[in-house]
Amino acid sequence: MALHLRSSSSKSAFVNILRHNLCFGFGSPSHATRHLRRNLPHDAPIRVSQNPISRLCNTMAEKLSSIGGHEDASNQVMDFPGGKVTFTPEPQFISESNKERVPCYRVLDDNGQQITNSQFVQISEELAVKIYSDMVTLQIMDNIFYEAQRQGRLSFYATAIGEEAINIASAAALTPEDVIFPQYREPGVLLWRGFTLQEFANQCFGNKSDYGKGRQMPVHYGSNKLNYFTVSATIATQLPNAVGAAYSLKMDKKDACTVTYFGDGGSSEGDFHGALNFAAVMEAPVLFICRNNGWAISTPTSDQFRSDGVVVKGRAYGIRSIRVDGNDALAMYSAVHSAREMAIREQRPILIEALTYRVGHHSTSDDSTRYRSAEEIEWWNKARNPLSRFRNWIESKGWWSDEAESDLRSRIKKEMLEALRVSEKTEKPNLENMFSDVYDVPPSNLREQELLVRQTIKSHPQDYPSDVPL
Amino acid sequence: MSAILQGAGATTALSPFNSIDSNKLVPPSRSSLSVRSKRSIVVAGSDGIKSFGSGLITRRSEPLIANAVATKGENAATSTLSKPGHELLLFEALQEGLEEEMDRDPHVCVMGEDVGHYGGSYKVTKGLADKFGDLRVLDTPICENAFTGMGIGAAMTGLRPVIEGMNMGFLLLAFNQISNNCGMLHYTSGGQFTIPVVIRGPGGVGRQLGAEHSQRLESYFQSIPGIQMVACSTPYNAKGLMKAAIRSENPVILFEHVLLYNLKESIPDEEYICNLEEAEMVRPGEHITILTYSRMRYHVMQAAKTLVNKGYDPEVIDIRSLKPFDLHTIGNSVKKTHRVLIVEECMRTGGIGASLTAAINENFHDYLDAPVMCLSSQDVPTPYAGTLEEWTVVQPAQIVTAVEQLCQ
């Protein structure tokens, strides 16, 4: 580990460096970054503990910045808590924003042509075709479920239309051991990992095959076997959960990270700030993926925050960040791939802001034409469609064709309609499931309450839904 | 949660050992997220009535006076056992319980503000960071919602976090995570994810800590489905409840009290656990049932001395389990004495006493000879002035008056 030190002829400073080296007997960065509570000036006597995990090591040396130059009035430094800072005789306000916005990483242009000199992680034909097929599947699934809700077959739905590349390409760059903490617009990650259309439909219909046992509303998927944490409707509460899970992976030294998704609106919640701060301090391997799709129900980003999007907030917490074109599947894949590697290898959080557009309404309870123009929606749906861009690219490689497209689409559509049909017919979970799993074993008060409900049903059978078995 | 035997008087064939061999307990498996070990071990106790639970070993306290606080003129703590144990303070008992569980199960970890090398604001985690490292005893930045959320996320990947709130009042900041995630996720995930967290910390009125640090908000959490709540009051039950809470598969909130940390008592050397859903019989009696918990237990016991001198025979029960109430023990007592007085530190409106009153009236109405009386604090923020602060808390003299009134 290199210790940068302002050049100094002081012998004591040199001796102190030796002492610092003794502290870092392990050499591993994660052990060495425990901070001493008291921030001592660097030439104070330091107690070196024999215990390598001890926090009594003075880690001040790590904070010594490579200032260079000579000590004189204009380069004076002072050891305030938190590390050395140089002074300036003029009151300098950091501007509220940079002149230029943070540039956005993209590999494919609007027409799906590879941009010259673009750097990205190469993917095989098999992977590319799976990414594209899953994007198509997600799109079809969303459309059919949405229509089903409109027809009254489903109670509620929220689409991810326009964000297919974020969903699928990010999932493709992860491994099955990476734990996912979704908001609610990332069913594509589950899809990638093997959740079937039937399983999605079961949850939406809340039937007895639903892993959630029919307790939640549609799109609140969860699968412990696919490492996908059950969707909790509250905004951004999954962010601290993700940090906690990452902390757990860190303790076990697993070759995995946690990945959590949220929207531009979610970045305003207190949990966002708490979680980012914690992840940075804990050095937890989390990927924070923000789907900046321009809208939080009817609130545009201009009313959500005044910073340059979400990517600049990473620096405020000491987190490495990147802005990506969320509608570019290749760029998303590469960004997440690299981020994951960094997160695990360096045990640090990474913030990824994926710029995109929410083509669909917020949910089936929303009509977004009330607050934005239909032309704007249509433009993003057609001209900036992530699927057509990626399709152009894989076709240019000879990996796809019109025939493959129509085959895929008709197959998926058929599968979806069948899944819907089966789900609709499947029985609902029985009444006992209303009371189970509140605790590991139902306590007496819940058993009593279940009895009361059953008694009420006996006396008023006509009021009880006929499709819920007792 | 254990299925409490309602009105069961039958004894069962019990194994003759009195102490628990901790080697016989199988640590929870980490590999599967949804496996919950169901051990049913029954331990013999003094009165033969046992609760069967999902793996909790129970130990009924003997039906003798368990003195945990030396009221004037009495000897300091008598042990609740036949053989002598070791003496310690309540915060040390909590620490001992925590340390034993951390030794036993590598998944147990602690997170909170200043819990690491500082040892915790009330020294409950003292020495643990040195022993277990600062990843297992984690110091967090100041954001209760974030570290409670962290604990929940860690729990569903297999860890068993003990989340310390520096003061229970700060849990208000964590309410979203506790109510929406902690309590709910086991249910909404269809049982796929368990959240075996323990959230603990001191609450209650201290010595001039000011309104914001004198919160009694147990009842705010009472409605949350999916969580359990217990309040400790003696070193014995502090250690026992801590251990039981950590071993429970459900999220448990353990309420401690700022003024009880320095209570001294002798506790057993061998391992033991207290049942999370059981109330503690502090003093059996015939005339009136006094229900209380946490620090008010001591005010009640002090009042009990006066009452005994005046010829009354109060039965004092430390309810310990705030959610769910141990209506079995409470019910048996009500059926015997027919009079109930609840003494709590909560506010009058919407406190634990309020819901306990409702529960008793609903379940044991026929057995009552007098309306249930509840002594609580007034509905005011706790004043800083020491004299006023004392007046917001129920004092022994009021308890004596209330008993006399009820027993007319």
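Fair warning: this is a prediction, and the values are worked out from it, not measured in the lab. Lettering follows sequence order; numbering is per chain, from 1.
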Legend entry - Qualifying residues under salt bridge (Lys or Arg N to Asp or Glu O under 4.0 Å), relative to A:Glu346, sequence neighbours excluded: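 Residues passing salt bridge (Lys or Arg N to Asp or Glu O under 4.0 Å) with A:Glu346: A:Arg320, A:Arg348.
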Inset, instruction - Answer with side chain, backbone, both or neither: which region of B:Met184 has an atom nearer than 4.5 Å to a non-hydrogen atom of chain A? - result: neither
Against chain B, label [X] side chain, backbone, both or neither, depending on which of its atoms sit under 4.5 Å from a heavy atom there.
{"X": "A:Ser436", "answer": "backbone"}
{"X": "A:Asn433", "answer": "backbone"}
{"X": "A:Tyr221", "answer": "neither"}
{"X": "A:Thr234", "answer": "side chain"}
{"X": "A:Met217", "answer": "neither"}

Inset, instruction - Before giving the answer on side chain to side chain donor-acceptor pair (under 3.5 Å), spell out for B:Thr125 and B:Glu164 the whole-Å C-alpha distance, their side-chain angles and the decisive distance to 0.1 Å. - result: CA-CA 9 Å; B:Thr125 53; B:Glu164 172 170 315; 4.6 Å; no
Distance-only criterion, 3.5 Å: show the donor-acceptor pairs between side-chain atoms of residues 269-279 of chain A and protein atoms not counting sequence neighbours.
residue  : atom : partner  : partner atom : Å
A:Asp271 : OD1  : B:Asn145 : ND2          : 2.8
A:Asp271 : OD2  : B:Gln177 : NE2          : 3.2
A:His273 : ND1  : A:Tyr317 : OH           : 2.5
A:His273 : NE2  : A:Ser267 : O            : 3.3

Inset, instruction - Flag the one option from B:Asn180, B:Asn181, B:Asn176, B:Ile142 with the top tally of heavy-atom pairs under 4.5 Å to chain A. - result: B:Asn181
Inset, instruction - Please say whether the positively charged group of B:Lys123, taken as NZ for Lys or CZ for Arg, lies over the ring of B:Tyr118, i.e. under 6.0 angstrom from the six-membered ring centre and within 45 degrees of the axis. - result: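 Pair B:Lys123/B:Tyr118 counts as cation-pi.
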Legend entry - Note, A:Asp178 side chain near A:Thr175 side chain (heavy atom, < 4.5 Å): yes
Legend entry - Side-chain heavy atoms of A:Val259 within contact of A:Ile289, under 4.5 Å: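 Heavy-atom side-chain distance check passes, below 4.5 Å.
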Inset, instruction - Could you check which of A:Gln238, A:Met251, A:Arg215 has the highest count of heavy-atom pairs closer than 4.5 Å to chain B? - result: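 Among the listed options, the one with the most contacts to chain B is A:Arg215.
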